[in-house]
Engineer: 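My structure is below; once you've seen it, I'll send some questions.
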Amino acid sequence: MMCPEHRPHARNPALWPGRQQRMHKLGPRGIWLMLGAALASLALVAPVHAATFMTFDPPGSVRTTTLGINGGAIVGYDEDGNGARHGFLRAADGTFTAFDPAGSQYTNPSSINGGGAIAGYYEDANSVAHGFVRAAGGTISAFDLLGSIGTFALGINKGAAIAGTYIDSQYFYHGFVRAADGTFTTFDPPGSAGTQAWSISDGGKIVGFYNDSNIYVRGFVRKADGLFIAFDAPGSIATQALSINGDGAIAGTYQTSDLKFHGFVRAANGTFATFDPRGSAGTFPQGIDAKGVVTGYYYDRGSVTHGFVRRADGTIRRLDPPGSILTNPQSIDTQGAIAGEYEDSSDVYHGFLRSP
């Protein structure tokens, strides 16, 4: 079973255009209609000049993929010379710790909280996905929901509550939240024919998207008390909510009837701002910080992928590390530090940290 690849390549079963127009998936990669949309507003994009970039690779890595950042600590996976993929933690001081759950053939750390706990998933020798949580001290606990044939832990908050997606024996997708004590609550928005939960706030709000009975894709926020609010970006035929900050602002992507993808921010009061960097042929926000700054990537009309930063005032700047030919920012922390990966001219992928 394919694992859900987190943003451009690691956590999602819905299909997505990514680097070099490649399609990547959400939750367990896959079988989902893409997002919906409205006429998004064009914003000026300028290269980032003031930002500081640091590039990195874990020792022995031939390909580095970064997926989460919190307090300067970065998690992701790297590929060694034998093609095996291992999880890594890069501490704020730049030191690396490699790790894999027992029996893992493919480790995908998805998210890290401020206390250093990491949530993710791994595939065993039978290509079955299992969730895991790695405590700050290094202890790894694997978990599966009862009856699941694939469990994907995607987000973790400061209280160590984990949100994610699992697949049942009938191949339907559902959301779950795992409390710090290990108890599970499963959920689906009313009318859902398949649910993907992506991100959880420190207050316990969960965002994601679902297919309704007509196979339309809609965004949702699930409050800590279990109440659902479904929503669609203006003019959308499919909406995916991917990230939420502490104030309840949500970032994501949506698709319009012309099959183009655009970015959106949904404020806590339900109002939308839609956007595209100038020259974008497809926009994919990935994270939002406490100030409402959004990062993500877009691909231009030449199918080249660039990173971007959108400030709360709507100003958008391009974000490409020096020497990059393809850039995929993946996550932003509360201090505005951004982690991602880029491809160089030799077709090698490296991690990067962009300090604000």
Side-chain angles (χ1 to χ4, degrees), residues 3-8 10-18 23-38 40 110-111 150 152-155 162-168 171-177 186-201 205-223 226-245 248-257 259-268 270 272 274 282-288 294 296:
C3 57
E5 282 207 12
H6 183 77
R7 303 159 187 177
R11 359 180 247 199
N12 189 348
L15 297 177
W16 293 62
M23 302 302 286
H24 73 285
K25 311 159 191 179
L26 218 198
R29 293 190 160 199
I31 324 163
W32 287 61
L33 298 176
M34 300 242 25
L35 312 182
S110 302
S111 182
F152 304 88
L154 302 180
I162 296 171
T165 298
Y166 74 98
I167 309 172
D168 68 21
Y171 296 93
F172 284 99
Y173 295 83
H174 309 275
F176 74 84
V177 57
T186 64
F187 60 83
D188 290 285
S192 173
T195 303
Q196 301 226 16
W198 259 88
S199 181
I200 184 169
S201 74
K205 292 181 178 179
I206 297 170
V207 296
F209 57 92
Y210 69 98
N211 285 93
D212 66 17
S213 58
N214 295 313
I215 317 299
Y216 289 104
V217 179
R218 307 191 69 195
F220 74 82
V221 56
R222 179 188 184 270
K223 296 184 177 181
L227 177 67
F228 285 95
I229 299 173
F231 59 85
D232 303 285
S236 170
I237 63 169
T239 300
Q240 286 185 345
L242 300 178
S243 183
I244 184 170
N245 69 10
I250 298 167
T253 187
Y254 69 99
Q255 189 179 30
T256 45
S257 57
L259 304 184
K260 291 183 178 179
F261 296 90
H262 314 273
F264 74 82
V265 175
R266 180 186 184 272
F272 281 88
T274 61
T283 303
F284 303 91
Q286 299 298 307
I288 185 168
V294 176

Engineer: Is it the case that R266 places NZ or CZ above or below the six-membered ring of F231, under 6.0 angstrom from the centre and within 45 degrees of the axis?
Structural biologist: yes

Engineer: CD1 of I206 to OG1 of T195: how many Å apart, nearest 0.5 Å?
Structural biologist: 11.5 Å

Engineer: Rounded to the nearest 0.5 Å, how far does OH of Y173 lie from CG of N211?
Structural biologist: 10.0 Å

Engineer: Between CZ of F176 and OH of Y166, what distance do you get to the nearest 0.5 Å?
Structural biologist: 9.5 Å

Engineer: Which heavy atom of I167 sits nearest a heavy atom of Y171, and at what distance?
Structural biologist: CG2-CA, 3.6 Å

Engineer: Locate the shortest heavy-atom distance separating P285 from G252; write the atom from each residue and the value.
Structural biologist: CG-O, 3.1 Å

Engineer: Scan N245, I250, I200, I244 and name whichever one has a side chain to side chain contact (heavy atoms under 4.5 Å, CB included) with K205.
Structural biologist: I244

Engineer: If we only count heavy atoms from C-beta on, is the P190 to F228 side-chain gap below 4.5 Å?
Structural biologist: yes

Engineer: If we ignore hydrogens and angles and just use 3.5 Å, is the side chain of D232 paired with the main-chain N or O of S236 as donor and acceptor?
Structural biologist: no

Engineer: How close do A197 and G175 get, counting heavy atoms only, and between which atoms?
Structural biologist: CB-CA, 4.3 Å

Engineer: Between T239 (side chain only) and R218 (backbone N and O only), is there a donor and an acceptor less than 3.5 Å apart?
Structural biologist: no

Engineer: Flag the pair I229 / K223 as yes when at least one side-chain heavy-atom distance between them is below 4.5 Å, and no otherwise.
Structural biologist: yes

Engineer: Using the ring of each side chain (for Trp, its six-membered ring), is F187 parallel, tilted or perpendicular to F220, with breaks at 30° and 60°?
Structural biologist: perpendicular

Engineer: Does the side chain of V217 come within less than 4.5 Å of I237's, by heavy atoms?
Structural biologist: no

Engineer: Ignoring hydrogens and angles, tell me if any N or O in the side chain of Q286 forms a donor-acceptor pair with the backbone of F284 under 3.5 Å.
Structural biologist: yes

Engineer: Give a yes or no answer on whether the side chain of N214 reaches the backbone of Y216 with a donor-acceptor pair at less than 3.5 Å.
Structural biologist: no

Engineer: Ignoring hydrogens and geometry beyond distance, is a side-chain donor-acceptor pair present between H262 and T253 at under 3.5 Å?
Structural biologist: no

Engineer: Whether the side chain of S192 engages the backbone of Y210 through a donor-acceptor N/O pair (distance < 3.5 Å, no angle test) should be reported.
Structural biologist: no

Engineer: List for me each residue that meets side chain to side chain contact (heavy atoms under 4.5 Å, CB included) alongside F172, sequence neighbours excluded, and say none if there are none.
Structural biologist: D168, Q170, H174

Engineer: Show the nearest heavy-atom pair for residues S243 and G287, with the distance to one decimal.
Structural biologist: OG-CA, 3.5 Å

